[in-house]
K.L.:
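Encoded as structure tokens, here's the structure I'll be asking about.
In each ligand, atom 1 is the first atom listed, and ligand 1 is the first ligand listed. Throughout, residue positions are numbered sequentially from 1 according to the sequence presented.
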Amino acid sequence: MATKGFEKPSIKPELFFKSSVEREDEISKIFKYNIGSLTNSEDVRYMSQIRTRIAPSPTGDPHVGTAYIALFNKCFARHNQGRFILRIEDTDQERSNKKSENDILKALAWMGLDWDEGPDKGGEFGPYRQSERGTIYSAHINSLIERKKAFRCFCTKERLAEVREKQIKNKDPIGYDGQCLNLSEEEISKNLEQGLQYVIRMVVPEEGECRFEDGLRGEVCINWSQIDMQVLIKSDGLPTYHFANVVDDHLMNITHVIRGEEWINSVPKHLLLYEYFDWEPPAFFHMPLLRNPDKSKLSKRKNPTSIHYYRDAGYQPQALLNYLGMMGWSMPDSREKFSFEEMVSEFDIQRVSLGGPVFDVEKLDWLNGKYLREDLSDQEFWDQFTDWSFCPKRIGKIVPLLRDRVEKFSDVIPLAGFLFGDPPVIAQENFNHGSLSSDECLEILQLSIWELEKIRDWQRECVESSLMLLAKKIGLKPREFLFPLFVSITGKPASTSVIEAITILGLDLCRARVRNSIMILGGLSKKSEKALAKKHKGLCG
Ligand code: GLU
């Protein structure tokens with residue numbers, strides 16, 4: 001295939017101020033590609049406005065990385081009197097779930113990162129949930145197939161595996177070999193009649209390079225030979241991230257895409273799609289990824305990453321937001337404590353520095369302490385503290401645990417203090433046990449966390465059955481098995497029910513405590529963690 005060769009796509013300011021005539025023109029072009037029936041031209045108004053978005057996939061806990069990217073998008077939009085959109089990217093049906101979507105929405109709102117348009121709020125460019133945009137994607141993919149920019153691929157999994165194996169053996173670049181690229185109309189019809197499964201892939205130049213401008217990094221150049229003929233529509237008929245993301249960014253009039261640097265290698269595919277549709281691409285900015293203090297990519301193995309953790313551990317959302325604002329960005333006067341509004345008024349995306357910003361919980365603690373000291377009156381401090389610790393839902397679970405075990409109110413704090421704050425400092429000796437070695441304790445702790453992470457419905461019964469089943473599989477009596485968990489969660493070898501405590505504290509606080517104990521027990525090397533993961537798979541599947 002001939003090389004298309006990309007013109008360096010410069011982002012023209014006039015793009016944001018297209019007249020309605022020009023816009024209509026663009027829409028009639030879309031009509032030509034037979035997708036106009038789904039585009040109500042009256043609804044599509046080109047906004048002479050900057051529009052940014054956060055596009056989370058609801059597949060897990062609300063991650064601080066999502067809040068970090070949302071913050072920069074919202075700040076950029078607000079600084080430019082623009083709009084900030086939330087779009088749910090839930091085309092991966094197996095991994096997406098409603099609970100995760102709700103959690104993400106709630107967590108972003110808790111942090112003050114609310115949006116102008118989104119699935120819960122609506123807006124002119126909805127629906128804002130990709131699973132509700134199926135007809136839009138079908139119409140767009142048909143137009144690409146008609147124009148031979150996309151093709152049906154009937155290759156079986158086995159064939160693709162064989163091709164891959166061969167490529168690895170020959171040290172060739174890994175990717176689709178183009179087998180179905182030039183199937184004749186007859187061959188395609190025959191395959192369709194036979195009901196053969198297929199995916200739809202995009203046509204990608206074989207040679208040459210794609211050059212594009214990243215707003216933070218300058219010109220980036222990626223060879224087309226490194227870009228696979230990306231699947232756009234999967235065999236279940238659903239779009240992949242790349243296709244849905246580009247179609248939606250265009251139809252939602254997103255002008256600036258600010259996202260994590262892990263997406264930079266996807267830009268050539270995205271730009272090619274913009275070109276195939278004859279659409280003007282947005283400006284791209286790829287933010288540096290958050291890092292653990294050891295500079296590895298921020299991960300829950302080493303740092304709490306869920307926004308729930310910071311909420312449950314009693315952080316101020318303003319402090320967390322401020323801290324995320326310091327990740328790779330600084331105020332012109334270098335002050336470290338600043339509000340969202342102050343960040344908006346001083347915001348300049350060119351002040352983002354590309355060195356991997358380190359998310360350091362100790363530094364966050366320092367900043368959070370400043371918020372508590374400087375921004376809250378005694379009354380506000382007390383009100384917020386009691387809201388956090390004594391909210392009725394939580395207390396309703398704690399009181400029944402205590403009543404049977406105390407004789408006077410002064411017994412309450414020593415017995416239940418660990419439910420309100422960190423447990424007493426523990427040391428390796430606390431894990432000394434008649435029959436369990438410290439390696440066994442370590443193993444129980446790690447396996448327990450992996451099993452607890454699988455729980456979808458965080459109820460006492462589920463926590464209990466998950467841990468008891470694990471005890472059985474390891475071949476330990478419940479009391480023995482629970483010992484390291486007692487020490488790590490409550491700070492004591494025995495206390496009120498540890499299962500209740502785990503249920504009340506929630507996964508994120510428990511994970512942080514267990515991780516702390518694992519470190520006290522000497523930590524898990526990469527190699528031993530791998531071996532343990534294998535054992536876990538063998539035991540629990
Ligand atoms: N759904 C993608 C994610 O969760 C969005 C990436 C993008 O912003 O393009 O990271």
Side-chain angles (χ1 to χ4, degrees), residues 50-77 82-105 107-108 113 115 117-119 125 127-133 137 212 214-217 220 222 227 230-232 234 238-274 279 281-290 297-300 305-307 324 327-328 349 352:
I50 283 184
R51 291 171 59 86
T52 63
R53 49 56 168 189
I54 182 77
S57 298
T59 53
D61 288 335
H63 199 279
V64 284
T66 305
Y68 159 67
I69 297 295
L71 168 65
F72 280 80
N73 274 284
K74 182 167 175 176
C75 229
F76 184 82
R83 283 170 84 77
F84 170 59
I85 285 93
L86 183 130
R87 178 174 74 232
I88 293 293
E89 300 209 328
D90 57 349
T91 56
D92 183 341
Q93 276 198 319
E94 256 170 44
R95 294 179 61 228
S96 299
N97 64 82
K98 263 270 161 318
K99 180 179 181 305
S100 166
E101 178 185 317
N102 288 336
D103 284 352
I104 293 171
L105 263 60
L108 290 176
L113 291 169
W115 42 96
E117 296 164 32
F125 301 93
Y128 293 89
R129 200 179 275 115
Q130 290 186 327
S131 56
E132 294 164 19
R133 297 173 64 80
Y137 306 128
F212 61 92
D214 177 276
L216 298 175
R217 294 152 204 270
V220 179
I222 298 176
I227 309 293
Q230 176 67 47
V231 172
L232 300 177
K234 295 173 279 184
L238 290 172
T240 54
Y241 152 76
H242 302 278
F243 188 61
N245 186 272
V246 164
V247 168
D248 289 349
D249 278 347
H250 174 74
L251 293 181
M252 293 180 182
N253 283 341
I254 300 303
T255 57
H256 294 73
V257 167
I258 304 171
R259 60 185 172 192
E261 68 185 301
E262 72 269 36
W263 297 108
I264 201 157
N265 287 334
S266 301
V267 175
K269 292 174 194 167
H270 296 185
L271 284 176
L272 201 54
L273 286 172
Y274 281 100
W279 293 338
F284 291 103
F285 300 82
H286 290 89
M287 299 285 295
L289 286 184
L290 300 182
K297 182 177 155 197
L298 188 68
S299 67
K300 65 182 172 202
T305 55
S306 166
I307 299 172
L324 291 175
M327 297 287 100
I349 199 157
V352 169

K.L.:
Going by an N to O cut-off under 4.0 Å, is there a salt bridge joining Lys297 and Glu262?
P.N.:
no
K.L.:
Using a 4.0 Å cutoff against the non-hydrogen atoms of Asn245, which atoms of ligand 1 qualify?
P.N.:
7 (C), 9 (O)
K.L.:
Given side chains that start at C-beta, do those of Leu108 and Trp115 come closer than 4.5 Å, heavy atoms only?
P.N.:
yes
K.L.:
Please compare Phe284, Trp263, Tyr241 and report which has the shortest non-hydrogen distance to atom 9 (O) of ligand 1.
P.N.:
Tyr241
K.L.:
For ligand 1, which atoms have a heavy atom of Glu89 less than 4.0 angstrom away?
P.N.:
1 (N), 2 (C), 5 (C)
K.L.:
Nearest to atom 8 (O) of ligand 1, what protein heavy atom do you find, and at what distance?
P.N.:
Arg53 NH1, 2.5 Å
K.L.:
Could you check atom 5 (C) of ligand 1 against the protein and tell me its nearest heavy-atom contact, residue, atom and distance included?
P.N.:
Ala55 O, 3.3 Å
K.L.:
Could you tell me whether the side chain of Ser131 and the main chain of Asp90 form a donor-acceptor pair under 3.5 Å?
P.N.:
no
K.L.:
Does anything in residues 62-75 form a side-chain hydrogen bond (donor to acceptor under 3.5 Å, both in side chains)? List the pairs, not counting sequence neighbours.
P.N.:
Lys74-Asp114
K.L.:
May I ask you to check whether Arg259 has an N/O atom sitting below 3.5 Å from an N/O atom of ligand 1?
P.N.:
yes
K.L.:
Does a donor on one side chain sit under 3.5 Å from an acceptor on the other, for Glu117 and Tyr128?
P.N.:
yes
K.L.:
Heavy-atom distances under 4.0 Å decide this one: backbone, side chain, both or neither, for Val257 against ligand 1?
P.N.:
neither
K.L.:
Testing Arg259, Arg87, Arg51 one by one against Asp249 for a salt bridge (Lys or Arg N to Asp or Glu O under 4.0 Å), which residue passes?
P.N.:
Arg87
